[in-house]
Chemist: 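Sharing a structure, written as C-alpha cells. Questions coming.
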There are 2 protein chains.
Amino acid sequence: MERAGIPATTIQRLPLYLRCLLQAEEQRIPLVNSGTLAEMCGTNAAQIRKDLSYLGELGTRGIGYEVRALIEHISAVLGITERRRAVLVGFGRFGGALLGYPGFAERGFDIVAVFDSDPDKIGVSVGGLTVLSVDELEGVLQATGAEIAIMTTPGDVTQELADRLVRAGVRGILNLAPVRLVVPEGVAVRQVCLSTDLQVLSFHLAQNTL
Amino acid sequence: MERAGIPATTIQRLPLYLRCLLQAEEQRIPLVNSGTLAEMCGTNAAQIRKDLSYLGELGTRGIGYEVRALIEHISAVLGITERRRAVLVGFGRFGGALLGYPGFAERGFDIVAVFDSDPDKIGVSVGGLTVLSVDELEGVLQATGAEIAIMTTPGDVTQELADRLVRAGVRGILNLAPVRLVVPEGVAVRQVCLSTDLQVLSFHLAQNTL
DNA sequence: TGATGTGAAGAGGTTCACAGCT
DNA sequence: AGCTGTGAACCTCTTCACATCA
C-alpha cells in the first residue's frame, strides 16, 4: 500500500472525510461524488479528489465513490481497522472527563489503563478501570501493549513522564499539558492547547475591531 | 498598528512565543536573541526572526529582543492586553472540567456565564457562577458583552446554538463538539477534536510498522 | 455525458544567506 | 563582532482546467 508521500494536511482531513462518509452510510447513501462529499465536509471538490487520489484510484469516472469501499480504504490508511489501545496519564479534571467520553471507543480507541501519582486517586475505580500508580507505568504498558498515551498531567512532570512512556514503547502521544514535548524520531506528538486556541480567536476579534 | 498580512501560521505560533517569554521573564532574563528563543520554543532562529518581523522591528541588531517589550507587543497583537469575556455553552463532562481550569483566567480569559439545557443542571452553582438555561443566551450575552463562546454541546444541537450565539454578538467560537460549524464571514472558529488527533496518531503508528 | 484523476499554475510558508545596524 | 531584518530561493499545499475513462 502506497502510504508514504501523503501530505500531512491530507492526513489531517481524512478523519473528517471518514465522519461524513459514515454519516452518508447511515443515511443509506451508497455512492457519493466529490461535490456532495465536499459540501458535507465544508471543503471543495478539487481538494477531495486530490486527497483521495493519494490513497489510490478509489473512484469510478462518470460515477463517483462507493461509500462503503471508501470507508474501508480510509480506515486502512489511518490504521484503524483493528482497535488501538491507549493509556491515560493524569486523572485530574480533564483526565476524568476524557475517561467518560464514549467518542474514543466509538472510533476504535480503547483506554486500557489510567495512571496518576496522587495517592488519593490511586485505587479509585472508574468505568471498569482502576487508577494505577505511575510507578507501574512500564509494567502495565508492557502487559497491555498500548502504543498511544493521552497526557493530562501538570506541566512540570509531563516531559519526564513522556520520556518514560516512550522508553516503554509508546509511539504516539496526545498531549493536553501546556508543554512542548521533545520526543525521539519515530514518535508522533499531537499538542492540544485550548488557551492557545483562545488566543488565536482573540487575534481575530482584535482584527475585526480596527 | 500593522496587523494585516501576518500569516495565519505566524499567529498560531505567537501564543507559544508568549509562553516562553513569560517563562524567561520569570527567570529574570531581560534579553533574548532569536537563537535562544528558538531553542526554548523548539523551532529555529530564522522562523522566530521572520515571525517577529511581521509585528514590526522589535529587536536591536547585535543585541536581541527585550523580553518585557516583546511580551507587550505580542500581547497587543493577540488583543489580550485587556481581559476578554467568554461564555461556556454545555455543562457536561468537558464543560465542567473546563470551568475548573485556571489556565484561561491566567491568560486573560474570563468565563462569565455557563449555559445548559438540562433542567437538572440549570441552577447548579459552580465556581462563582450559576448554570443558566440556554433560553437566556441572548439576554446574558447582551448584558455581559462576551464575544467568545466555548462550546461543549452534543453534536446535533451545536450548529443551531452557534447560529444563536453569532446572532447575539459572538465572533469567536472554540468548538469541542465533533461538528463542522458553518458561520458567517467575520466569525472565527477553532475546532478541537481529540478523536481526530488520535486518528492522526494512529496513521503515524501504522506508518512505522511497515 | 459526467465525474474522476492529474499535470500545471498559483498561493502560502519556510529556510537560506547576507546586507545593514549597533 | 554580533544579531536582526529581509529579499530570494525553495518547498509544500491548494486550486484550476482538462484529458481520461466508464
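As the structure is a computational prediction, the values presented were derived from the model and not from experiment. Note on naming: letters A, B, ... go to the chains in the order of the sequence lines (proteins, then strands), and numbering restarts at 1 for each one.
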Chemist: Ignoring hydrogens and angles, tell me if any N or O in the side chain of Asn44(A) forms a donor-acceptor pair with the backbone of Ala46(A) under 3.5 Å.
Modeler: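 Yes.
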Chemist: Which nucleotide sits closest to the side chain of Thr60(A): dG13(C), dG5(C), dA22(D)?
Modeler: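 Of all the options, the side chain of Thr60(A) is nearest to dA22(D).
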Chemist: Under 4.0 Å between a side-chain N or O of Asn44(A) and OP1 or OP2 of dT14(D)?
Modeler: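 Checking dT14(D) against Asn44(A), no side-chain N or O comes under 4.0 Å of OP1 or OP2.
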Chemist: Of the candidate nucleotides dA3(C), dA17(D), dT6(D), which contains the atom at the shortest distance from the side chain of Arg61(A)?
Modeler: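 When the side chain of Arg61(A) is considered, dA3(C) is the closest of dA3(C), dA17(D), dT6(D).
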Chemist: Do any side-chain nitrogens or oxygens of Gln47(B) fall under 4.0 Å of OP1 or OP2 in dG13(C)?
Modeler: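 Result: no.
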Chemist: So, is Thr9(A) close to the dT14(D) phosphate, meaning a side-chain N or O under 4.0 Å from OP1 or OP2?
Modeler: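 Checking Thr9(A) against dT14(D): at least one side-chain N or O falls below 4.0 Å of OP1 or OP2.
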Chemist: Determine whether a donor-acceptor pair (N or O, by modelled atom type, separation under 3.5 Å) exists between the side chain of Thr152(A) and the backbone of Leu176(A).
Modeler: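 The answer is no, because no donor-acceptor pair under 3.5 Å joins these two groups.
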Chemist: Going by atom types only, do Arg49(A) and Ser34(A) share a side-chain donor-acceptor pair under 3.5 Å?
Modeler: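 Indeed, the side chains of Arg49(A) and Ser34(A) share at least one donor-acceptor pair under 3.5 Å.
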Chemist: Output yes when at least one side-chain N/O atom of Ser34(B) is less than 4.0 Å from OP1 or OP2 of dT4(D), else no.
Modeler: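 Yes, because at least one side-chain N or O of Ser34(B) sits under 4.0 Å from OP1 or OP2 of dT4(D).
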Chemist: When you check the phosphate oxygens OP1 and OP2 of dG5(D), does a side-chain N or O of Tyr65(B) lie under 4.0 Å from one of them?
Modeler: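 The answer is yes; a side-chain N or O of Tyr65(B) sits under 4.0 Å from OP1 or OP2.
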Chemist: Does Asn33(A) put a side-chain nitrogen or oxygen below 4.0 Å from OP1 or OP2 of dG2(C)?
Modeler: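 Checking Asn33(A) against dG2(C): no side-chain N or O falls below 4.0 Å of OP1 or OP2.
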Chemist: Indicate whether OP1 or OP2 belonging to dT14(D) is found under 4.0 Å from a side-chain N or O atom of Arg13(A).
Modeler: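 Yes, such a contact exists.
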